[in-house]
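Shown next, in structure tokens, is the structure this report addresses.
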Amino acid sequence: MSNFEVARRQKQEPTATLLVRVIVCFALFLAGLVLIGIGSSDTGASSPFLFVGGILTVGLSFGLPMIGATER
């Protein structure tokens, strides 16, 4: 069996900061989904760029909370 332990934070961030981060990440996620939808339904020359931009935006929405994270 493994002895798994969660790494504790040294200092908890203020609640307002966490709330703003969650709202920004959620907005980025929804914007990325919209860009993917527009890029996949449009037949214009910019549709591949919109689709890839949507994928990158969704990735950013998941990666943004990881800034400042540490491994134990």
Side-chain angles (χ1 to χ4, degrees):
M1 292 278 169
S2 65
N3 189 10
F4 181 77
E5 294 181 12
V6 176
R8 301 280 181 202
R9 286 183 177 245
Q10 299 297 335
K11 180 181 171 189
Q12 183 68 29
E13 296 175 344
T15 306
T17 304
L18 294 175
L19 183 64
V20 168
R21 186 180 296 170
V22 166
I23 291 171
V24 167
C25 290
F26 187 66
L28 279 174
F29 180 75
L30 289 180
L33 290 180
V34 168
L35 284 174
I36 289 172
I38 292 171
S40 64
S41 65
D42 192 20
T43 58
S46 65
S47 63
F49 299 112
L50 290 173
F51 188 81
V52 171
I55 292 174
L56 292 175
T57 305
V58 169
L60 180 66
S61 73
F62 283 105
L64 192 62
M66 301 295 181
I67 294 175
T70 58
E71 276 188 61
R72 56 177 183 121

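Just so you know, these numbers use all the heavy atoms, side chains as well, and skip hydrogens, waters and symmetry mates.
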Remaining members of the apolar cluster that contains Leu56, side-chain heavy atoms under 4.5 Å: Val52
Closest contact, heavy atoms only, Gly39 versus Ser47: O-CB, 3.2 Å
Hydrophobic cluster membership, Phe51 vs Leu33, 4.5 Å side-chain cutoff: yes
side-chain contact (heavy atoms from CB on, under 4.5 Å), paired with Val20, selected from Val24, Ile23, Thr17: Val24
Minimum heavy-atom distance Gly44-Pro48, with the two atoms named: O-CD, 4.2 Å
Sequence-distant partners of Phe29, ring-ring contact (aromatic ring centres under 6.0 Å, His included), two or more places apart: Phe62
Smallest separation among heavy atoms of Thr57 and Leu28, with atom names: CG2-O, 3.2 Å
